[in-house]
Engineer: 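Have a look at this one.
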Amino acid sequence: MSIKEIVVPDIGDFESVEVIEVLVAVGDIVQVEDSLITVESDKASMEIPSSESGKILKLKVALGDNIAKGSVLLMMEVDETSPEVKEESPPPPAKKTEKIEREKMAPAESVTSKASVGKVQVHKPSPTASIDEVRFSKAYASPSVRRFARELGVDLGNVEGTSRKNRINRDDVKGFVKKAMATGGSGTALGIKPMPEIDFSQFGDIESQALSKINKLTGEFLHRSWVTVPHVTQFDEADITEMEAFRKQMSKEMEKNGIKITPLAFIVWAVVASLKAFPRFNSSLDATGENLILKKYYNIGVAVDTPNGLVVPVIKEADQKSLVEISQEIRELAIKARDKKLKPSEMQGGCFSISSLGGIGGTRFTPIVNTPEVAVLGVSRSKMEPVWNGAEFEPRLILPLSLSYDHRVIDGADGARFTTHLSKMLSDIRRMMV
Ligand code: CAO
């Protein structure tokens, strides 16, 4: 046994590179060629392997340090009796990876470039069942993390990176495995294999368009809700003939002051009244999933369609606001959303969301619950319909409603009670006053 300094070997062109990952800790036992740290220059990232086998006694570098050839990385208690080390491995070279930019990452086979110093280690795709090699190869992760992921059968294409520039580290892979175990399946949810990559250009002309940041965030969020919340959608309708007549009359009177009352303001009001009658709809499950947090405030989210994607600003304390105030707030929030001026605080704290496609069209749709809320109301376009009044058919303006809810929290009977109540409120708006 002897104590040795482990230094940075010849790493080629690089004079001074930044340590972006420390892959070992004091007390770890490492073998020759095990990666010790990852460094990154503006052109490339590479792992620095150990030139000895032994136990790490002290680290001499930390994240953010700049190092060069000869810099001392750590002190190691070296086991000199370990024969295979010395004979098989002359001082091992650094493994240099190609420029790692998430979007430009080359396939796994070419992770090590021909510019590498000395021996390169090529990671061939393994036959691991659920790994999509194309996605895996495009993931932004170091060779050791790739190796680690392969050992565990984790498809890096499904792992979110939390290191700088979204690089995937060992902890991300571990966290992914823990989560997959907790949810009883792989991260590709329920063990379903991801979509294979298809070259659509073989069928005709195509154009690739990057998703906006909002599209990506919303997509992730909706996907989580879709796979984790058992959804049920209750359809219903409300006779809004009188409500619309009143709204039009009020809007006409207020027009000169630049005020317009939208149907959505009435719906917000009716929703608040219904949440008061059915408090379970104004709740969230806590993180354990074992307790319900009942809210005593009424913040209503309104889905807004913008050129960059869907956002849901929140009307705070909607129970304290008049129809005019709610109408104006919806208008202001929608303008801000479309101008990308919404503050994060304006999209937080919602209790229940409304998604109205009434201004656009369609008969009915099934909205996705805006978790951690437990229910969402979809509103479609109202239509004049013949309704039997007991003596004759009467033309009535009918508003289609679809309420999606989290079936862990809300039973089907309560779903139907809620929409019946909501429909009653909208059909006779005087009821909202009491
Ligand atoms: N039935 C019939 N007409 C309706 C209606 C309904 N349910 N709801 C609104 N309208 C009418 C309005 O009265 C208005 O007509 P007038 O100009 O003649 O008065 C017109 O449709 C346009 O309304 P609007 O859409 O501008 O206003 P709004 O208050 O109804 O909605 C907002 C505001 C921000 C919700 C809406 O602009 C929007 O973005 N909707 C899309 C939401 C969305 O994308 N949801 C999907 C989420 S899930 O992917």
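Just so you know, these numbers come straight off a predicted model, no measurement behind them. Order of listing sets the numbers, starting from 1, for every ligand and every atom in it.
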Engineer: Taking Arg431 for the side chain and His421 for the main chain, is one N or O donor matched with an acceptor at less than 3.5 Å?
Structural biologist: no
Engineer: Between Ser284 and Lys295, do the side chains contain an N or O donor and an N or O acceptor separated by less than 3.5 Å?
Structural biologist: yes
Engineer: So if I count the atoms of ligand 1 from 1 in the order they appear, which ones are less than 4.0 Å from some heavy atom of Arg381?
Structural biologist: 1 (N), 2 (C), 3 (N)
Engineer: To which of Ala265, Ser355, Gly362 does the heavy atom nearest atom 45 (N) of ligand 1 belong?
Structural biologist: Ser355
Engineer: Indicate whether atom 19 (O) of ligand 1 is within a distance of less than 4.0 angstrom of some protein heavy atom.
Structural biologist: yes
Engineer: Below 4.0 Å from any atom of ligand 1, is there a heavy atom belonging to Lys248?
Structural biologist: no
Engineer: For the pair Arg430 and Glu242, find out whether any cationic side-chain nitrogen is under 4.0 Å from an anionic carboxylate oxygen.
Structural biologist: no
Engineer: Would you mind listing every side-chain hydrogen bond (donor to acceptor under 3.5 Å, both in side chains) that reaches into residues 299-315, with sequence neighbours excluded?
Structural biologist: none
Engineer: Output yes when a protein non-hydrogen atom is found under 4.0 Å of atom 39 (O) of ligand 1, and no otherwise.
Structural biologist: yes
Engineer: Under 4.0 Å, heavy-atom basis, I'd like to know which part of Ser380 is in contact with ligand 1: side chain, backbone, both or neither.
Structural biologist: backbone
Engineer: Assess the side chains of Ser163 and Glu21: does a donor N or O sit below 3.5 Å from an acceptor N or O?
Structural biologist: no
Engineer: With a cut-off of under 6.0 Å to the ring centre and 45° to the axis, is Arg150 in cation-pi contact with Phe136?
Structural biologist: yes
Engineer: Could you identify the single nearest non-hydrogen protein atom to atom 36 (C) of ligand 1 and state the distance to 0.1 Å?
Structural biologist: Arg338 NH2, 3.9 Å
Engineer: Looking at side-chain heavy atoms only, is the closest gap between Asn370 and Phe221 below 4.5 Å?
Structural biologist: yes
Engineer: Quick one: look up the protein heavy atom nearest atom 12 (C) of ligand 1 and list residue, atom name and how far away it is.
Structural biologist: Pro263 CD, 4.2 Å
Engineer: Looking only at non-hydrogen atoms, which of Arg331, Lys260, Arg247 approaches atom 14 (C) of ligand 1 most closely?
Structural biologist: Lys260
Engineer: Would you mind finding which of Leu397, Leu264, Thr262, Leu357 brings a heavy atom closest to atom 33 (C) of ligand 1?
Structural biologist: Leu264
Engineer: Backbone N or O of Ala62 within a donor-acceptor pair of the Asp65 side chain at under 3.5 Å?
Structural biologist: yes
Engineer: Around atom 49 (O) of ligand 1, find the nearest protein heavy atom and jot down its residue, atom name and distance.
Structural biologist: Leu310 CD2, 3.9 Å
Engineer: Which protein heavy atom lies closest to atom 2 (C) of ligand 1, and at what distance to 0.1 Å?
Structural biologist: Ser382 OG, 3.2 Å
Engineer: Measuring only between side-chain heavy atoms, which start at C-beta, is Val17 closer than 4.5 Å to Ile67?
Structural biologist: yes
Engineer: Can you report which non-hydrogen protein atom sits closest to atom 44 (O) of ligand 1, along with the distance?
Structural biologist: Asp305 CB, 3.4 Å
Engineer: For atom 5 (C) of ligand 1, which candidate among Ala334, Ser356, Ala337, Gly358 provides the closest heavy atom?
Structural biologist: Gly358
Engineer: Does the distance from a Lys or Arg side-chain N to an Asp or Glu carboxylate O, for Lys252 and Glu255, drop under 4.0 Å?
Structural biologist: no
Engineer: Only heavy atoms count here, so choose which of Pro400, Gly359, Ala303 is nearest to atom 10 (N) of ligand 1.
Structural biologist: Gly359
Engineer: Quick one: which ligand 1 atoms are inside 4.0 Å of a heavy atom on Leu399?
Structural biologist: 7 (N)
